[in-house]
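Here is the structure we will look at, set down as structure tokens.
The chain is numbered in sequence order, starting from 1. Heavy-atom basis, side chains included; hydrogens, waters and symmetry copies ignored. Since the structure is predicted, the reported quantities are computational estimates derived from the model, not experimental observations.
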Amino acid sequence: MSTDHVKDPKPIRLVFELARADHPRLYDELIQFHKGTKRVNRLRVLAYDGLLAQSGVFAETGRGSPHLPSASSAQEGNGDITNDLFAPAIDA
């Protein structure tokens, strides 16, 4: 199987079963949504965020710990914080 980019990629269709015993946090997150588009879209977002975190785009911060700004961090009202949101997509 090749990972090269194809000129005309075909969509991937996934059908799977998720038991709470396998991944309780993921199950609890997804069960909040009724079957269908909203649940699928939430799974897409979680998968993509996980991919970005795995590749180091997102730096993990301690849960519940406040963000302590440093002297070199962006000041409130500075566009540096949100500019990366509009950067080109990351392609592997």
Quiz item: For Ile31, which residues count as a side-chain contact (heavy atoms from CB on, under 4.5 Å) partner, sequence neighbours excluded?
Solution: Tyr27, Arg39
Practice problem: Can you measure from CG (Leu26) to CZ (Arg42) and round to the nearest 0.5 angstrom? | Solution: 9.5 Å
Quiz item: Do you know the tightest heavy-atom contact between Ala21 and Pro24?
Solution: O-CD, 4.3 Å
Quiz item: Hey, what else clusters with Val40 if you join Ile, Leu, Val, Met, Phe, Trp, Tyr whenever side-chain heavy atoms sit under 4.5 Å?
Solution: none
Quiz item: Can you list the other members of the hydrophobic cluster that holds Ile12, where links are side-chain heavy atoms under 4.5 angstrom apart?
Solution: Leu14
Self-check item: Asn41: side-chain hydrogen bond (donor to acceptor under 3.5 Å, both in side chains) partners, not counting sequence neighbours
Solution: Arg44
Practice problem: Each residue besides Val45 in its hydrophobic cluster should be listed here, by chain and number; the cluster joins Ile, Leu, Val, Met, Phe, Trp and Tyr at side-chain heavy-atom distances under 4.5 Å. | Solution: none
Quiz item: Within a strict 4.5 Å, meaning less than it, do heavy atoms of the Leu43 and Phe16 side chains meet?
Solution: yes
Practice problem: List for me each residue that meets salt bridge (Lys or Arg N to Asp or Glu O under 4.0 Å) alongside Asp28, sequence neighbours excluded, and say none if there are none. | Solution: Arg20
Quiz prompt | Heavy atoms of other groups near Gln32 CD, more than 12 under 6.0 Å | solution = yes
Quiz item: Cluster question for you: counting only ILVMFWY and a side-chain heavy-atom cut-off of under 4.5 Å, with indirect links fine, are Leu46 and Leu18 together?
Solution: yes
Quiz prompt | Distance, nearest 0.5 Å, that separates NE2 of His23 from CG of Leu30 | solution = 11.0 Å
